[in-house]
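One structure is given below, encoded as structure tokens.
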Protein chains: 4
Amino acid sequence: MPGAKPKIVMKPRGRPRDPKVRAAILKAARELLDSGGLTAVTMEGIAARAGVGKPTIYREWPNAHSVALSAFLEFTPSDMELRASASPIADLKQQLRKLAALFASRTGRGVTALIAATQGETELMKAFRHHFILKSRAEGQKLLERAVAAGDVRAGLNMDVALDLIYAPIYFRLLIGHAPLDSAFTDDVIDTVMAGLKPHKR
Amino acid sequence: MPGAKPKIVMKPRGRPRDPKVRAAILKAARELLDSGGLTAVTMEGIAARAGVGKPTIYREWPNAHSVALSAFLEFTPSDMELRASASPIADLKQQLRKLAALFASRTGRGVTALIAATQGETELMKAFRHHFILKSRAEGQKLLERAVAAGDVRAGLNMDVALDLIYAPIYFRLLIGHAPLDSAFTDDVIDTVMAGLKPHKR
Amino acid sequence: MPGAKPKIVMKPRGRPRDPKVRAAILKAARELLDSGGLTAVTMEGIAARAGVGKPTIYREWPNAHSVALSAFLEFTPSDMELRASASPIADLKQQLRKLAALFASRTGRGVTALIAATQGETELMKAFRHHFILKSRAEGQKLLERAVAAGDVRAGLNMDVALDLIYAPIYFRLLIGHAPLDSAFTDDVIDTVMAGLKPHKR
Amino acid sequence: MPGAKPKIVMKPRGRPRDPKVRAAILKAARELLDSGGLTAVTMEGIAARAGVGKPTIYREWPNAHSVALSAFLEFTPSDMELRASASPIADLKQQLRKLAALFASRTGRGVTALIAATQGETELMKAFRHHFILKSRAEGQKLLERAVAAGDVRAGLNMDVALDLIYAPIYFRLLIGHAPLDSAFTDDVIDTVMAGLKPHKR
DNA sequence: CGGTAAACGAGACGGTACGTCGTGTCTTTGA
DNA sequence: TCAAAGACACGACGTACCGTCTCGTTTACCG
């Protein structure tokens with residue numbers, strides 16, 4: 001698509017933002033999230049820890065939660081580069097394990113709480129959804145399609161529902177905490193989803 | 001230790017608590033949660049709206065979130081009295097629809113956010129889990145067992161995982177908001193879980 | 001006027017204000033004014049030094065300047081109890097000396113700056129004017145009237161102008177600082193005002 | 001000192017300063033002082049209103065108050081060109097009227113507050129004192145001396161005190177605001193100072 | 001029936017964090 | 001090399017709630 005998107009550059013006047021400052025802020029936010037949980041992530045705390053003025057933070061983020069989310073997004077490899085193996089189902093299990101590990105981490109736990117605490121349709125929510133939920137689902141969808149092609153999964157399945165069945169349990173256990181979130185569980189999820197609950201016809 | 005726990009009644013001296021005050025507090029909390037979301041639920045706000053002193057609230061609840069949760073629990077029929085029909089699967093669908101409706105309501109949405117925002121293992125969390133999650137799961141388990149007995153569901157399934165597959169998607173859509181949470185969806189969840197993803201053997 | 005002024009008492013509900021807190025705030029304000037001048041008198045500074053929360057101060061005063069003025073008014077004997085001597089003129093000189101000393105002090109200097117910085121007709125200004133300017137003028141007026149009776153001052157003088165001539169130079173020197181403000185000066189002011197600039201008729 | 005001070009011209013390299021910029025800054029400062037009082041005069045406000053960068057202002061003035069004072073000095077005829085009449089006393093009255101009018105203006109009121117708020121011996125203070133107070137006093141002194149020569153004023157008067165008596169009341173009324181500052185008042189000041197308070201000997 | 005103890009409203013209090021504004025210094029690009 | 005634009009560290013602003021406390025008042029019960 002050459003020539004498209006004229007990319008209005010709007011050359012920025014004045015002193016450019018210092019990337020080191022941005023990095024310090026994100027680092028501070030992540031450290032606070034890790035050490036003190038969601039409630040420890042305050043604008044004042046971040047500013048103090050990063051050695052930065054509050055207005056500097058407000059210039060880029062509207063509130064402390066945004067900073068924490070940015071930090072999470074920045075520090076986390078959103079494309080969790082799966083080594084495609086022969087079996088799409090095995091790949092799915094691998095992806096689920098990684099996701100679970102990521103969100104079960106200190107920071108991940110905090111971000112999950114953060115997301116949950118964010119009511120309504122905010123920019124924050126959209127960013128998170130795009131970076132993690134949708135990306136995971138897109139990958140998952142590709143894997144499922146490959147599985148369909150390989151004959152491991154039946155055609156004509158309701159893709160949206162199937163994907164929810166796969167990814168929802170992770171967040172569910174994370175939030176409710178009624179049972180552990182480990183790789184045995186995520187593997188079981190895939191197995192059970194694959195097999196269904198109906199008795200096998202024979 | 002038979003006969004132990006003599007149940008020291010500790011005859012209550014002084015003025016007894018006024019049940020109307022308690023009701024006013026819960027009412028105020030619920031109204032605030034409905035109208036202004038989670039952030040509107042503050043101790044001061046509740047006290048002002050209920051025409052009550054702050055210490056009166058602190059006498060019974062440790063923080064504003066607890067009050068909101070109490071209000072939700074109090075106002076909500078936790079036993080969602082299912083009319084048992086002939087088909088356990090149909091009953092399951094019915095239960096899921098009710099759950100979805102409950103949590104998709106203004107108040108339910110608020111409580112969900114509240115729960116999500118509650119990090120760590122608090123009394124609040126436990127109460128919520130007991131009243132809603134575990135109760136739903138217990139009912140669901142009974143239904144599944146009946147379905148097994150009826151031959152609709154295969155024996156030997158991993159019950160914990162199966163229940164998570166059933167209930168997780170509701171919270172997932174509620175929290176992430178990537179797709180609507182309606183009865184069509186909850187029905188599809190049951191259907192897909194039942195059928196599994198594998199191609200039907202013939 | 002018996003029976004008049006029904007004096008609606010409006011019994012104060014809730015916890016009464018702690019006079020010790022009030023005292024601590026005023027003390028802190030005065031110390032700051034003394035040590036760091038007007039710019040050192042900040043709400044945050046006062047709160048920190050008094051070991052008091054900011055809202056506690058805002059409950060009684062609208063801004064830092066008010067606190068400083070209150071402190072000055074509180075700590076200062078506004079009725080500078082003059083020992084009435086035989087000569088009203090001598091009494092006037094004595095009063096002027098005291099006034100000059102009061103406002104030339106560290107705190108007095110600060111308050112003067114404060115007053116000057118207060119543009120417009122604020123409550124603050126009115127309070128200050130009432131406590132110091134008007135009180136001084138009232139005393140001065142009495143002294144002048146006694147002097148008229150004693151034949152030391154001519155009758156029919158423009159009292160307002162005369163009083164301004166007496167009190168203005170103190171503030172003038174204080175604010176402009178073009179020449180020292182000492183008792184020699186204040187005595188000279190009285191002498192010159194008394195004698196006038198015209199050559200003495202003989 | 002002939003030949004000395006070779007007047008190192010320091011050939012100005014680069015872009016020369018734009019005199020229009022200076023004017024814009026002073027104009028903005030004066031407008032702000034007029035419209036919003038002393039507190040409205042901020043570096044940021046001036047820069048924004050003048051369409052000028054903050055450093056440009058800091059290059060010439062150390063703080064916002066200085067700019068405001070400069071603006072006042074620049075826009076104001078400091079030599080209030082008195083038409084010398086036959087009577088020095090009448091000239092004095094005329095001068096006092098002009099002074100009062102000048103400082104009673106919106107801007108003048110602001111500058112007065114500014115001066116008063118300036119504690120300590122700053123450059124600002126000195127500049128103001130030199131431009132207005134001392135200049136007025138010098139003129140006044142000349143007039144008084146002429147009056148002495150004319151026999152209207154007694155010789156041997158304490159000149160410093162006399163001048164304070166003349167000029168102080170203007171600032172006093174301006175700052176305290178207990179009574180109006182009009183030409184009737186300034187005329188009365190002169191009259192009363194001239195006549196003194198003592199009864200006329202006969 | 002009168003004392004006493006707790007509940008209750010009101011609100012003061014020491015705090016913490018909020019989000020904004022102004023300061024004075026700096027580092028860019030553009031003229 | 002000056003000017004504009006604006007980033008930056010800093011610090012104070014005034015507000016909102018927090019959770020604790022001290023009041024005076026009300027309402028039961030118990031002696």
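A quick note: this is a predicted structure, and the numbers were derived from the prediction, not measured.
- Residues C:G53 and D:V41 both approach DNA chain E. Their nearest nucleotides, taken by heavy-atom distance, put C:G53 toward the 5′ side.
- Nearest heavy atoms, D:A64 versus D:V41: CB-O, 3.5 Å.
- If you measure from atom CD1 of B:I46 to atom C1' of F:dA16, you get 15 Å, rounded to the nearest angstrom.
- Contacts of residues 56-63 of chain A with DNA chain F (heavy atom under 4.0 Å): A:T56, A:R59.
- Under the rule for a side-chain hydrogen bond (donor to acceptor under 3.5 Å, both in side chains), the partners of D:D34 that lie at least two apart in sequence or sit in another chain are D:T107.
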In residues 21-28 of chain B, what donor-acceptor pairs under 3.5 Å come from side-chain atoms, sequence neighbours left out?
from  : atom 1 : to    : atom 2 : distance (Å)
B:R22 : NE     : B:E60 : OE2    : 2.8
B:R22 : NH1    : B:E74 : OE2    : 2.6
B:R22 : NH2    : B:E60 : OE2    : 3.2
B:K27 : NZ     : B:E31 : OE2    : 2.9

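- Between F:dA16, E:dC8, E:dT23, one nucleotide has an atom nearer to the side chain of D:A64 than all others, and that is E:dT23.
- In this structure, the CE atom of B:M43 is 17 Å from the P atom of E:dA10, given to the nearest Å.
- Heavy-atom distances to DNA chain F give each of D:G51 and A:P19 a nearest nucleotide, and the one nearer the 5′ end belongs to D:G51.
- For the pair C:L32 CG and F:dA12 P, the computed distance is 11 Å after rounding to whole Å.
- Across the protein-nucleic acid pair, A:D18 atom CG and F:dG6 atom C1' stand 13 Å apart, rounded to whole Å.
- Judged as a salt bridge (Lys or Arg N to Asp or Glu O under 4.0 Å), not a single pair has a partner in residues 63-72 of chain B (not counting sequence neighbours).
- For the pair A:R30 and A:F72, the cation-pi test (distance below 6.0 Å, angle within 45°) is failed.
- For B:R106, there are no salt bridge (Lys or Arg N to Asp or Glu O under 4.0 Å) partners two or more places apart in sequence or in a different chain.
- For E:dA7, one of the phosphate oxygens OP1 or OP2 lies less than 4.0 angstrom from a side-chain nitrogen or oxygen of B:R17.
- If you take NZ of D:K20 and P of F:dC2, they are 19 Å apart, rounded to a whole angstrom.
- Of the candidate nucleotides E:dT23, E:dT16, F:dC18, E:dT16 has the atom nearest to the side chain of C:P55.
- Not a single side chain to side chain contact (heavy atoms under 4.5 Å, CB included) links A:R15 to another residue, sequence neighbours left out.
- Between A:R15 and C:G45, the residue anchored nearer the 5' end of DNA chain F, judged by the nucleotide with its closest heavy atom, is A:R15.
- As a whole-Å value, the separation of B:E44 CD from E:dT16 C1' is 14 Å.
- Here the nucleotide nearest the side chain of C:T42, chosen from F:dT22, F:dA12, E:dG19, is F:dA12.
- Applying the 3.5 Å distance criterion, the base of E:dG15 shares no donor-acceptor pair with the side chain of C:K54.
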